[in-house]
Amino acid sequence: MIDFEEYVDLSKFSTIRIGGKAKRVYFPKNIEEVQYLIKKSLDEDKKYVPIGVGSNLIFKDGVLDYIFISTKNLKGFSFEEKGEHIKLFLEAGVSFKTVLEFVKKYNLEGFENLSGIPASIGGAVAMNAGAFGTEIFDILEEVTWIDNQGSILKSKKEEINHSYRYTSFQKEGFVYSATIILKKSDKDISKIIKEHLIERNKKQPLNLPTSGSTYKNPKEAPAGYLLEKAGFKGKKVGDVGFSEKHANFLVNYGNGTFSQLINLLQNAENTVETLFGINLEREIKIVQ
Ligand SMILES: Cc1cc2nc3c(=O)[nH]c(=O)nc-3n(C[C@H](O)[C@H](O)[C@H](O)COP(=O)(O)OP(=O)(O)OC[C@H]3O[C@@H](n4cnc5c(N)ncnc54)[C@H](O)[C@@H]3O)c2cc1C
């Protein structure tokens, strides 16, 4: 039987700590269990929602009756050395923290710019997470995934539609595992990682529950700059606000609610549209 919890507080599954309750959250342990859940969602005509670390995911309030699939128990991790290179085979629930520990231990190059992103492999692949000029697709080789009919597929990265913070997995598919390829390095990788973490700590409100970047950067200007110019840096509705430290980061000051959050987002989007004629596109994924 697949592990599940009933009437779970969804705020536990979202780093901004906002959200109602899930009728059920499932915790599959292998690919067959995920496949079963996706087929179940098809049979019952219910949406399925994959959940990683929840660092870009926000749930509405009330009781949500979807097939929530947490990747918490999908932690398979193995590797293979090929000359200069090391291939990592990672299941969806492996955290970036775990990958970083490995990367530091073997002084591997390719992943260092992604350090500090609070992601799972599945969430990062689905979002094409990136930082400091690197995206996960730069080091990705192959993804094993399950489509909405429940079929298990393997795709090379070239076969996957992806762009800035977008992949086709946002529309269809559960990322089950990914192969990434890294290189043995002559640089001091631990030092680079430390510098990135210091940089993040300076710029991001890491002392509060947050969902990271709220909007994608439009081509005209960074979203944080537009929000600041529109007067949203530090602006709050109830206990939800755009951080004083980074205008594009939503934060929860304590008892933030979903309606406060939506109210703030709609206000920001309308104001930026009116002032600059730019439609901000949400990077955060809202489940409602
Ligand atoms: C403090 C902070 C800093 C951040 N910095 C960055 C940054 O520098 N760069 C960046 O790109 N992002 C950043 N983010 C956003 C976030 O960390 C990334 O988008 C990350 O990739 C999300 O991974 P996750 O496991 O938390 O996914 P979740 O938030 O759990 O999910 C995100 C989306 O992916 C889907 N998903 C999750 N797992 C799977 C799966 N196995 N298969 C298919 N779909 C799946 C979810 O349904 C949801 O739609 C930051 C967030 C925070 C809170």
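Counting starts at 1 for both ligands and their atoms, in listed order.
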For ligand 1, does P118 get within less than 4.0 Å through its side chain, its backbone, both, or neither, judged by non-hydrogen atoms?
both

Are E91 and Y176 close enough that a side-chain donor and a side-chain acceptor fall under 3.5 Å?
yes

Taking distance alone, with N or O pairs closer than 3.5 Å, would you say V53 contacts ligand 1?
yes

Give yes if a backbone or side-chain nitrogen or oxygen of S213 is under 3.5 Å from a nitrogen or oxygen of ligand 1, and no if not.
no

Taking the six-membered ring of F27, is NZ or CZ of K72 closer than 6.0 Å to its centre and within 45° of its axis?
yes

Any salt bridge between E283 and K216, counting N to O under 4.0 Å?
no

Geometric N/O contact A126 with ligand 1, under 3.5 angstrom
no

Of all the heavy atoms in Q170, does at least one lie under 4.0 Å from an atom in ligand 1?
no

A131, portion touching ligand 1 at heavy-atom distance under 4.0 Å:
side chain

Hey, does E135 sit under 4.0 Å from ligand 1 if you only count heavy atoms?
no

Partner set under ring pair (Phe, Tyr, Trp, His ring centres under 6.0 Å) for Y225, not counting sequence neighbours
none

Tell me the nearest of E283, K285, M127, R200 to atom 12 (N) of ligand 1, using heavy-atom distances.
E283

Give a yes/no verdict on whether any heavy atom in G54 is under 4.0 Å from an atom of ligand 1.
yes

Show me the side-chain donor-acceptor pairs of residues 81-88 shorter than 3.5 Å, one per line, residues at least two apart or across chains.
{"residue": "E81", "atom": "OE2", "partner": "K184", "partner atom": "NZ", "Å": "2.5"}
{"residue": "K87", "atom": "NZ", "partner": "E141", "partner atom": "OE1", "Å": "2.9"}

Does G173 reach ligand 1, in the sense of a heavy atom lying below 4.0 Å from it?
yes

Over 60° means perpendicular and under 30° means parallel, so tell me whether F59 and F68 are parallel, tilted or perpendicular.
perpendicular

Are any of the heavy atoms in F174 under 4.0 Å away from ligand 1?
yes

Classify the contact between P50 and ligand 1 as side chain, backbone, both or neither, using a heavy-atom distance cut-off of under 4.0 Å.
both

Taking non-hydrogen atoms only, is L206 closer than 4.0 angstrom to ligand 1 via side chain, backbone, both or neither?
side chain

Check the angle between the aromatic planes of F79 and Y106 and answer parallel, tilted or perpendicular using the 30° and 60° thresholds.
tilted

If only atom types and distance count, is the side chain of N128 paired as donor or acceptor with the main-chain N or O of S163 below 3.5 Å?
yes

